[in-house]
2 protein chains.
Amino acid sequence: MAKKRVTLADVAKLAGLSTTAASMILTGRPDTRLSAEAHAKVHEAASQLGYRPNVAARALRTDKSRSIAFISDYVATTRFASGLIRGALAAAEEARHVMLVLETGGEPAREIQAVQAALDRQVDGLIFAAMRAREVFVPDIVINAPVVMLNGTSARFPLSVLPDEYQGGRDAVRLLLEAGISGDIVLLGHNAEDEAGLFRSEMINRRLAGIKDAMREAGLAFIAELSCWNWEPDQGFDLTRKLLATKRPRAILCLNDRLAFGAHQALSEAGLSIPEDVALVSFDNDEIASYLRPGLTTIALPHEEMGRAAVELLLRPGATSGATLAMPIIERGSIRSPAGLI
Amino acid sequence: MAKKRVTLADVAKLAGLSTTAASMILTGRPDTRLSAEAHAKVHEAASQLGYRPNVAARALRTDKSRSIAFISDYVATTRFASGLIRGALAAAEEARHVMLVLETGGEPAREIQAVQAALDRQVDGLIFAAMRAREVFVPDIVINAPVVMLNGTSARFPLSVLPDEYQGGRDAVRLLLEAGISGDIVLLGHNAEDEAGLFRSEMINRRLAGIKDAMREAGLAFIAELSCWNWEPDQGFDLTRKLLATKRPRAILCLNDRLAFGAHQALSEAGLSIPEDVALVSFDNDEIASYLRPGLTTIALPHEEMGRAAVELLLRPGATSGATLAMPIIERGSIRSPAGLI
DNA sequence: CTGTTAGCGCTTTCAT
DNA sequence: ATGAAAGCGCTAACAG
């Protein structure tokens with residue numbers, strides 16, 4: 001048992017050639033001109049022996065490990081992460097790279113650990129993914145490898161992959177307008193402190209900017225702006241219920257789907273029907289958006305595409321500018337229920 | 001720029017010692033007896049230079065890469081994956097290992113690719129995580145490293161980490177009984193084909209076995225068993241609505257939270273209140289379980305603990321038996337609303 | 001066109 | 001108690 005691993009030397013010996021020849025043939029270097037016969041023999045020997053190159057040895061020699069690191073603050077806390085990882089994984093696989101996943105919890109000490117762990121393994125590049133913050137702290141370590149920021153930005157590293165929040169904001173308003181809604185709209189989730197530049201400020205500011213510009217251009221203003229710190233269903237519920245005590249909105253524009261979920265609950269409880277009495281739009285395309293009845297019309301965060309873009313950017317040699325990805329409009333039935341929509 | 005990486009030789013030179021000495025001191029071998037002075041000098045030099053060992057080189061020499069592979073069929077499709085990954089990541093970090101994450105989509109070709117990619121990188125062990133299937137296909141490749149199955153089993157590899165579905169099933173019934181419910185219970189999600197041994201059969205069979213045993217022991221029988229193929233909210237909704245046309249259950253035991261979510265919608269629509277009119281219990285502790293009003297009482301899948309257990313098992317030298325983890329009872333308000341429950 | 005040689009950075013006998 | 005030297009598996013100069 002524990003058969004010794006087959007090495008390049010074994011292959012070369014079986015093929016009756018030197019390891020050099022075997023190496024060149026197997027790595028498929030174009031500039032070399034070995035006989036077709038040699039090629040055949042080496043490939044034959046390799047597959048017969050089940051040869052697999054030792055990546056550690058190769059990395060030692062070439063400084064290329066065919067692996068990248070995906071370092072994120074949180075991976076499970078938010079449903080966002082999995083889409084990001086999935087997309088990144090798919091792109092890495094296509095490029096025949098392997099991905100190390102590391103989580104830091106946003107703690108500086110763990111960030112340093114993570115970056116060093118990755119660097120110690122000679123990764124070919126690093127992705128810093130942000131689930132929570134927008135401006136990401138990247139430990140002050142010399143990083144001799146390409147870096148791309150995913151869903152975040154950093155002063156040190158210019159390459160970022162971001163969703164087009166501004167346009168997303170505009171689209172949300174446009175959907176309402178196109179459904180013939182021209183007033184009595186409330187905004188749910190606006191938070192003054194965000195605008196002041198605190199928690200996830202940039203991200204939300206862009207979204208908000210798009211919303212407000214579109215509203216202004218249409219000559220509209222919100223009849224109420226409900227703000228809260230925590231964008232969870234219970235907040236959406238409470239705020240909406242309170243709102244309904246004094247106002248009767250025609251539409252509620254929610255800053256994320258979880259808030260919309262809570263609003264949906266409050267609306268149902270009040271006997272209001274969606275979308276006839278009040279329409280709902282929101283952002284993210286959270287899983288719950290499709291669970292509601294009617295389904296939530298939402299401006300999606302293109303997580304999978306973002307993950308994919310980050311890896312492609314990382315692996316493209318001279319990449320010089322990042323990517324801003326469109327947020328797809330997912331129409332379900334919470335604004336209007338045309339034939340064919342759920 | 002692009003300062004050359006500092007190597008062990010640099011440290012040794014600065015310390016005025018041989019690389020041998022530096023190596024022994026830095027790796028902290030106990031059996032060697034170098035002078036305290038030598039220790040001090042080497043450590044001093046290392047930290048001054050910011051020395052970091054090259055893991056690839058070390059792996060080449062020692063056959064230990066301090067990395068493990070996490071190979072799963074699906075990572076993003078199910079909300080399960082992230083908990084599993086998160087737990088595994090935490091345990092790996094504590095053991096100073098790094099984790100490669102690979103996704104196969106359950107396709108044999110990709111499974112082979114993934115295993116080889118991992119093996120090529122000399123991983124110290126592999127975890128096969130199953131999100132969909134129970135019995136996992138592991139490609140027939142010689143794997144000279146420990147393997148543990150996570151949320152699945154394999155004929156080839158005996159070490160598995162599984163949730164205690166049987167006890168979980170019993171607990172669900174017990175909760176109903178303890179709330180004084182003693183009849184008119186319906187089972188939602190039972191699927192005859194599962195019992196026949198198809199899709200995720202084993203997992204569900206154990207859960208069902210626990211439920212049925214507990215029911216029988218209490219001298220109870222379901223007044224209806226609603227089966228469906230796809231355990232999603234819309235199915236739960238349709239089935240429950242249909243049920244309500246002819247029967248008035250006192251409780252619905254749902255085989256997962258998404259089904260319960262749909263049942264909840266149908267119940268609310270019918271003007272029935274939870275838990276007073278009908279109680280709800282289910283399984284998984286999906287995120288949505290906490291979003292509902294009242295919150296769903298559910299038997300949780302301990303994903304994070306499972307991920308953690310898998311890594312610990314993998315890294316423990318002589319591990320010989322797997323782990324079966326308890327499914328925690330998460331009491332919210334869908335069976336009864338005692339003071340303090342949401 | 002092919003083979004020999006010299007390392008990549010590290011650990012580990014084996015001498016001293 | 002410490003160091004010289006060999007070698008893990010591979011690739012890249014350089015000869016032949």
Side-chain angles (χ1 to χ4, degrees), chain A residues 2-42 45-46 49-67 116 119-124 144, chain B residues 2-42 45-46 49-67 116 119-124 144:
Chain A
K3 300 176 70 166
K4 260 206 84 52
R5 207 191 155 88
V6 6
T7 98
L8 186 61
D10 299 330
V11 174
K13 195 195 305 182
L14 209 192
L17 290 168
S18 72
T19 59
T20 309
S23 170
M24 299 194 128
I25 288 169
L26 290 176
T27 50
R29 305 180 68 79
D31 58 320
T32 189
R33 293 154 303 185
L34 293 173
S35 70
E37 189 193 6
H39 274 255
K41 277 202 291 204
V42 168
L49 262 34
Y51 170 72
R52 301 247 84 215
N54 179 326
V55 178
R58 187 178 283 177
L60 189 54
R61 194 64 238 251
T62 62
D63 261 314
K64 247 92 207 66
S65 61
R66 299 200 80 78
S67 65
Q116 290 195 323
L119 257 21
D120 290 352
R121 269 109 184 148
Q122 326 294 127
V123 294
D124 295 341
N144 266 326
Chain B
K3 302 175 70 165
K4 258 205 85 50
R5 205 189 155 89
V6 3
T7 95
L8 187 60
D10 299 329
V11 174
K13 194 193 306 180
L14 213 192
L17 290 168
S18 71
T19 60
T20 309
S23 169
M24 299 193 129
I25 288 169
L26 289 176
T27 50
R29 303 179 68 78
D31 59 320
T32 190
R33 294 154 301 186
L34 292 172
S35 69
E37 189 193 7
H39 274 256
K41 278 202 290 205
V42 169
L49 260 33
Y51 170 72
R52 300 247 85 215
N54 179 326
V55 178
R58 187 178 283 178
L60 189 55
R61 193 65 237 252
T62 62
D63 261 316
K64 247 91 205 69
S65 61
R66 300 200 79 78
S67 64
Q116 291 195 323
L119 257 21
D120 290 352
R121 270 109 184 148
Q122 325 296 124
V123 294
D124 295 340
N144 266 326

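Chain letters run A, B, ... following the sequence lines, proteins first and then strands; every chain starts at 1. Not measured: the values here are computed from a predicted model.
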Measure the distance from CG on A:Asp120 to P on C:dC8 and round it to the nearest whole Å.
19 Å
Tell me: CZ of A:Arg121 to P of C:dC8, nearest whole Å?
22 Å
Establish, with yes or no, whether the OP1 or OP2 oxygen of D:dT11 is under 4.0 angstrom from a side-chain nitrogen or oxygen of A:Thr62.
no
Which atom names give the shortest non-hydrogen contact between B:Val11 and B:Ala46, and what distance separates them?
CG1-N, 3.9 Å
Would you tell me if any nitrogen or oxygen in the side chain of A:Ser18 comes within less than 4.0 Å of OP1 or OP2 on C:dG3?
yes
Return the value, rounded to whole Å, for the distance between atom CZ of A:Arg66 and atom P of D:dC10.
15 Å
Which heavy-atom pair separates A:Arg66 from B:Arg121 by the least distance, and what is that distance?
O-NH2, 2.7 Å
Would you say the side chain of A:Asn54 lies within less than 4.5 Å of the side chain of B:Gln122, judging by non-hydrogen atoms?
yes
Atom CG of A:Asp10 and atom P of D:dG9 are separated, to the nearest Å, by 9 Å
Result for 5'-nearest mapping on DNA chain D, choosing between B:Ala57 and B:Gly16, is B:Gly16
Expressed as a whole number of angstroms, how long is the span from B:Leu60:CG to D:dG9:P?
7 Å
From OH of A:Tyr51 across to P of D:dG9 the rounded distance in Å is 10 Å
What integer distance in Å separates A:Leu8:CG from D:dG7:P?
18 Å
In short, A:Tyr51 meets A:Val6 closest at the heavy-atom pair CD1-O, 3.6 Å
4.5 Å side-chain heavy-atom contact, A:Thr27 and A:Arg58
yes
On the side chain of A:Thr20, is there an atom forming a donor-acceptor pair with the base of C:dT4 - under 3.5 Å, no angle test?
yes
Closest to the A:Ser23 side chain, choosing from C:dT11, D:dT11, D:dG9
D:dT11
Students often get this wrong, so: under 4.0 angstrom with heavy atoms, is A:Arg61 touching a base, only sugar-phosphate, or nothing?
base
Please determine if a side-chain N or O atom of A:Thr7 lies less than 4.0 Å away from the OP1 or OP2 oxygen of D:dC10.
yes
To the nearest Å, how far apart are A:Met24 CE and D:dG9 P?
21 Å
